[in-house]
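Below is one structure, written out as structure tokens; comments come after it.
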Amino acid sequence: MTYPFPVVAQSSVLARRWADSAPLRAQQWGLITSAQLQRLGVNGSSQLLLRRRGLLVSVARGVMREPRPPADDLLAVAQLAWVSAAPGSAPEERLSAARPDYVVTAYTALALHGLAAPPVETLPLLAVTGRFQHRQTATYAIVPRRAELSWDDVAVLDGLPVFTPAAAIRDVAAHGGARFGDDLADYFTTIAGAAADRPDQAAIDAAIAATGIRLDAPSPSSPLPPLLARKWADTAALRTAQWGLITSVQLQQQGVTRSDHVKLRDAGLVVPVANGVMREADRPGEGALAAAQLAWVAAVRDSTPAQRLSAPRPDCVVTGTTALAIHGLGQPGQGLPQLAITKAPKNGGRTTTTARYLGRSTALSWDDVDIVDGLPVFTPAAAIRDLGQDSRGRLVDDLAGYFADIAIAAANHPDRDAIVAAIAACGARLRTVVCDARAVLDRVYRTAGVSDDLLAATIWGGQWQRRFTADRVQHIVATALSVAVDTIAGRAGDDLSTALVYLLERNGQARKCVVADCEWWAVEQDRCSAHAIQRRRERVLADPSGVDSSTTATPRRSGHGWWGHIDDDGETIACHECGERFRALTRTHLETHDLTAREYKQRHGIEQRIGLVSTEVRERQQHQVATNSRYSERFRRNPNAPRLTDLPSALLEDQSR
């Protein structure tokens, strides 16, 4: 059996399960949730593979859509809201239940019935049975009902449960009247006129009459009262600094009450754009920059931009794909703008109606921030590092391809070197299922004109399989990207083919340890990690209190030994405090001198990463780890040579006793 999509080349089992989900996707207008895919046996890594193959596109948290042309109409938005409200259930289960779980209501339902457009910009409204307060998510807003929902008040439009106009009007009066009371007279007048020829006109008129709102009430006058006009004028500087945005808390600080907010909206001066945030009616609000500005203002609503930008540390900064899009290096990607905050990082971050917050374990610093039109935005390198923390590909489906496009776009950028270094650092440490450094190099070098045969022999071939250390991979990727980006920008130096081969060959940047008969790659000062540690153990440091001179400084004594040196004869080491020799300086012995291991090393100038054991004990411990099947793979950087040389037979016999 064959399947007409590219995923079959990867896994026929996944292809069958994808085909099994076709009826569910058809019932949900091309939408499907992560929980529903899990029920069909498609795990998280397989879902990531489906997105990277272009079969699914993320549209909300835990919700994906087939890659069809996006529909911006209200019906498509309401369908997405209804699916995301109960991600673990199928439509037939929900529509066949004794009572509805979620039903489209209020302004959204009346607009779907073609009676009137919503009077305010709001998320799709869903009715649910419960006593909890009105709350919002990224895709819908909840309208709680104390009474149980009933199918008698529901009309199913294209498989979507929507309240009848009469039931939706009752919800508007119950939950929207207190907030938009001055708007409801004109709104209900429009509905009554649009329902003139409908079969349920009598029910609609009765529902409007039950609200007690007079349809012939005069509309409010547009000019503001003198006192409110003065207060509104006092906020001009704040609105200018916030790109025409202002929050309810900031208005209240200026003495503008909630009833005054309604007057400002009725006068056409402001338009609600988020919960507690309004924008001047004549200001445009489109694009990645405008969305990031709204997210930044909504994040801290009780402070002014001057207070936030003059603080010792930033409270939140635009980061991730949003920051890179503002810098002109890439697309903003799907979903909400991304803001970095100082908080313990969580898997996937925290999402509100205006932004996705990415936690940082370290405090934010102004050193990594650029001010773009008054908005704090992370530098490209810092934004790339934040994307590198996304180890599951939640922010960008194809992170390797995204980084490759960023590197190409940064060819003539002033921060090109920092951007390339940040990309190399992310590609060197991330899992290959999320971001493979070879995939980044492959796309960049193809753009630069390198042949497929050379890429197959170097990046994808055996030369890369030597398993360089993470530091060496970072150096190789950064150098290779710099050479390719220079060629793309027209600053070609060496031939790309020669440079790529030289970076990966044994006699190039990846050098072997200088110690004779050592087959390991050098990671520090031309030595492998084992011989670098041995060199640090054997060297004697100069007197730190000596006067600088042109001659070589003289080492000094430290207790019964030399400063910074471990007196190791191969079998025992000497204690600097008492001069006695032991196979290892244990905690029990150091306690006799009222010292810990850290304090002992600080007192005598020994590096903290050097163990207080003899060479015999250290080699035996390394041998035990290297021969342990549980840990040996971790140390096999060179598959053609062992990690350690065989221990002497005398030690092996002593170990077997």
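When a residue number appears, it is its place in the shown sequence, counting from 1. In this text the structure is predicted, and so the values were computed from the model without any measurement.
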Worksheet item: Ile384 and Cys426: side chain to side chain contact (heavy atoms under 4.5 Å, CB included), yes or no, with the steps?
Response: CA-CA 8 Å; Ile384 290 171; Cys426 293; 4.0 Å; yes
Item to complete: Please identify each residue that fulfils side-chain contact (heavy atoms from CB on, under 4.5 Å) with Arg198, with sequence neighbours left out.
Response: His113, Leu115, Pro165, Ala195, Asp200, Ile204
Worksheet entry | pair Trp296-Asp315: side-chain heavy atoms closer than 4.5 Å | yes
Worksheet, complete the sentence: With sequence neighbours left out, the residues meeting side-chain hydrogen bond (donor to acceptor under 3.5 Å, both in side chains) with Ser34 are Gln47
Worksheet item: Quick one: does Trp151's side chain have a donor or acceptor within less than 3.5 Å of a partner on Ala97's backbone?
Response: yes
Discussion item. Using the side-chain contact (heavy atoms from CB on, under 4.5 Å) criterion, which residues pair with Ala383? Sequence neighbours excluded.
Written reply: Thr319, Ala323, Leu324, Phe378
Response to the item:
Separation between CG (Leu294) and CG (Leu375), nearest 0.5 Å, reads 11.0 Å
Worksheet item: Would you say the side-chain atoms of Glu148 pair up with the backbone N or O of Thr129, donor to acceptor, closer than 3.5 Å?
Response: no
Worksheet entry | Polar side-chain atom of Arg94 near backbone of Tyr102 as donor-acceptor pair, under 3.5 Å | no
Worksheet entry | By side-chain contact (heavy atoms from CB on, under 4.5 Å) - contacts of Leu336 (at least two apart) | Ala138, Thr351
Worksheet item: Where is the tightest heavy-atom contact between Leu238 and Pro305, given as atom of each residue plus distance?
Response: CD1-CD, 3.7 Å
Worksheet item: Are Leu24 and Gln36 close enough, and set up right, to give a side chain to side chain contact (heavy atoms under 4.5 Å, CB included), and what steps lead you there?
Response: CA-CA 9 Å; Leu24 180 59; Gln36 291 169 348; 3.6 Å; yes
Worksheet, complete the sentence: Separation between OH (Tyr357) and OG1 (Thr352), nearest 0.5 Å, reads 4.5 Å
Fill in: Gap between atom CG of Leu126 and atom CG of Asp171 - 0.5 Å precision
11.0 Å
Fill in: Minimum side-chain heavy-atom gap Met278-Leu269 below 4.5 Å
no
Discussion item. So, using side-chain hydrogen bond (donor to acceptor under 3.5 Å, both in side chains) as the criterion, who are the partners of Asp405 when residues are at least two apart?
Written reply: none
Item to complete: Check side-chain contact (heavy atoms from CB on, under 4.5 Å) between Val57 and all other residues, then give those that pass, not counting sequence neighbours.
Response: Pro67, Gln334
Discussion item. Restricting to side-chain hydrogen bond (donor to acceptor under 3.5 Å, both in side chains), what partner residues turn up for Ser58, sequence neighbours left out?
Written reply: none
Worksheet entry | Distance, nearest 0.5 Å, that separates CH2 of Trp82 from CG of Leu31 | 11.0 Å
Worksheet item: Counting only N and O atoms by type, is there a donor-acceptor contact under 3.5 Å from the side chain of Thr342 to the main-chain atoms of Leu364?
Response: yes
Fill in: Residue pair Ala127 / Leu149: nearest heavy atoms and the distance that separates them
O-CD1, 3.6 Å
Worksheet item: Okay, side chain of Trp18, backbone of Val42: is any donor-acceptor separation there less than 3.5 Å?
Response: no
Fill in: Contacts of type salt bridge (Lys or Arg N to Asp or Glu O under 4.0 Å), residue Asp205, not counting sequence neighbours
none
Discussion item. Run the salt bridge (Lys or Arg N to Asp or Glu O under 4.0 Å) test against Arg39 and tell me which residues pass, sequence neighbours left out.
Written reply: Glu93
Worksheet item: Would a distance-only check, ignoring hydrogens and angles, find a side-chain to backbone donor-acceptor pair under 3.5 Å from Trp243 to Asp373?
Response: yes
Response to the item:
Exactly one candidate in Val318, Ile326, Val377 meets side-chain contact (heavy atoms from CB on, under 4.5 Å) with Leu289; the answer is Ile326
Practice prompt. Return yes if some donor-acceptor pair links the side-chain N/O of Gln250 with the main-chain N/O of Ser303 below 3.5 Å, else return no.
Written response: yes
Item to complete: Quick one: do Met64 and Leu50 satisfy side chain to side chain contact (heavy atoms under 4.5 Å, CB included)? Show the steps, please.
Response: CA-CA 10 Å; Met64 292 159 282; Leu50 291 173; over 6 Å; no
Practice prompt. Taking all non-hydrogen atoms of both residues into account, name the closest pair between Ser259 and Thr257 and its distance.
Written response: OG-OG1, 3.1 Å
Discussion item. On a heavy-atom basis, which atom in Pro124 and which in Val77 lie closest, and how many Å separate them?
Written reply: CG-CG1, 3.2 Å
Fill in: Closest heavy-atom pair and its distance - Leu339, Cys316
CD1-SG, 4.3 Å
Discussion item. Would you compute the distance between atom CD1 of Ile32 and atom CZ of Arg25 and round it to the nearest 0.5 angstrom?
Written reply: 6.0 Å
Worksheet item: Can you name the salt bridge (Lys or Arg N to Asp or Glu O under 4.0 Å) partners of Arg17, sequence neighbours left out?
Response: none
Discussion item. Less than 4.5 Å apart, side chain to side chain, heavy atoms only: is that true for Phe403 and Val396?
Written reply: no
Worksheet item: Given the rule in the side-chain hydrogen bond (donor to acceptor under 3.5 Å, both in side chains) test, do Thr321 and Gln338 qualify, once you have shown the distances and angles that lead to the verdict?
Response: CA-CA 7 Å; Thr321 59; Gln338 298 150 18; 2.9 Å; yes
Worksheet item: Rounded to the nearest 0.5 Å, how far apart are CD of Gln331 and CD1 of Ile406?
Response: 9.0 Å
Fill in: Sidechain-backbone polar pair: Lys231 side chain, Gly255 backbone, donor-acceptor under 3.5 Å
yes
Worksheet entry | Working for side chain to side chain contact (heavy atoms under 4.5 Å, CB included), residues Leu251 and Asp260 | CA-CA 9 Å; Leu251 286 175; Asp260 292 336; over 6 Å; no
Discussion item. Just to verify, what does Arg230 make a salt bridge (Lys or Arg N to Asp or Glu O under 4.0 Å) with, not counting sequence neighbours?
Written reply: none
Worksheet, complete the sentence: Between Arg308 and Ala299, the two heavy atoms sitting closest are NH2-CB, 4.4 Å
Can you give the donor-acceptor pairs under 3.5 Å from side chains of residues 83-91 to other protein atoms, not counting sequence neighbours?
unit_1, atom_1, unit_2, atom_2, d
Ser84, OG, Leu80, O, 3.0
Ser84, OG, Ala81, O, 3.1
Ser84, OG, Thr139, OG1, 3.0

Worksheet item: Taking the side chain as C-beta and beyond, is there a heavy-atom pair between Val256 and Leu228 under 4.5 Å?
Response: yes
